[in-house]
Amino acid sequence: LKVLLAAKLGTCWGVKRAIDTTLATLEKEKPVYTLGELIHNPQFVKKLDSMGAIAIEDLSKAKKGSTVLIRAHGVPPEVIKEAGEAGLKVINATCPFVMRAQAFAKELAKEGYEVVIIGEKDHPEVIGIRGHAGKRAVVVESEEDASKVPPAAKLGVVIQTTQDAERAKRIVGILMDRTKDLKVHNTICRATEERQLAVRELARKVKAMVVVGGRNSGNTRRLVDISKEYGIPTFHVETARELDLKVFKGLETVGVTAGASTPDYLIKEVVEKLGGKFPIETAVAVLLRGDRVLLEKRSGAKRLYPNTWCFPGGFKRENEDPVQVLKRRLREELGIAAGDAKLIDDFEDVGGDEGSMIHHLFLVDRWDGEPAAKLAQELKWFPLSKLGEAKIPEVFRKHLSDVMEIIGAGRIKV
Ligand code: SF4
């Protein structure tokens, strides 16, 4: 049985950022509270609980003076206000892409549009966006709901970040008939689009699909639905234990994908149980100084990306966190002490000599040091505006415009 992985799968930037924020807070104090489960993944939530991050549904359950983390989905603005009034410290880990949807909803309402949110009524993200859009906002879950939206002079649309783009387009088509002035903000996030596109590509190549992720995770369920559209048997599992290998007997290929809130270790267990290999991981840094970025020249003798200019980075060791890899490699080999490292993207390269690889790309901003002198000849500060001209490996080149966009998003202060 050949196991093929989706080109994009598993935890997205926003979820990783919320997890990192929680872990960093836990190093300073315990317990910390997360308003709702930090991510839609029961196994990981249990693990966090044992570490001292307690999920609460109600602010009154948090001890006065303690810290409450707002998860990636975000909340209505009054919740943050209430937390402050209750004497709690608030750390807002709302994903910047969700914040963008919230801001558009608020702006549309201010401009006099009747706000329509395409998404799941009871999903925390939609509840949060609605809180920013005002009481009159309506939520549309289906084409049928869309046809019931009252006709209005001005309709303004925002979309839950994890919605299926194809379905959202159909709903927008219906809304066009309800008004003469329709303004649509496509707020489906890039991570969602990429995972949905990747599962479509994979579903065309394989005889069955396994989707790993929480049953309560909306974006995981959408990957399941998309895979089923291609008429292949699709199995939604939360852990490897649920996999029944008998069902794959006689099949040549099986695809694996995972929702944006599924941690790597759960995907790895599934891939390995199926007899596949989880990709080697690397951590790579975008080190910025003003409008220049640090590139490292790879010699022709290197097996990986020879004769190119790369972002500096290193391979992940067993049980090592990508941030640790990055700091170790930068410190030991380049003499760079990087303080803050924010994850901005990850992507897979399937063609390399080293086998399949996942690159975790970090933004290391505000770094003022100089690289170690002995390696200085191999390093170069390259103007960001000319990055497209540098001879950098194809896999990084493909993601360059995304990287540039994310560097911008990564700099948004939240
Ligand atoms: S799925 Fe998109 S919007 Fe949601 S947390 Fe991840 S990156 Fe942010």
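In each ligand, atom 1 is the first atom listed, and ligand 1 is the first ligand listed.
- In this structure, CD on Gln102 lies 10.5 Å from OG1 on Thr187, to the nearest 0.5 angstrom.
- Using bins of under 30°, 30° to 60° and over 60° for the plane-to-plane angle, the ring pair Tyr265/Phe44 lands in the tilted bin.
- Below 30°, between 30° and 60°, or above 60°: for His40 and His123 the angle between ring planes is above 60°, a perpendicular geometry.
- The number of protein N/O/S atoms found under 2.8 Å from atom 6 (Fe) of ligand 1 is 1.
- Looking at Asn186 and Glu193, their side chains come closer than 4.5 Å, going by heavy atoms from C-beta outward.
- Residues that satisfy the ring-ring contact (aromatic ring centres under 6.0 Å, His included) test with Tyr33, not counting sequence neighbours, are absent from this structure.
- Between Val284 and Phe396, some side-chain heavy-atom pair lies under the 4.5 Å cut-off.
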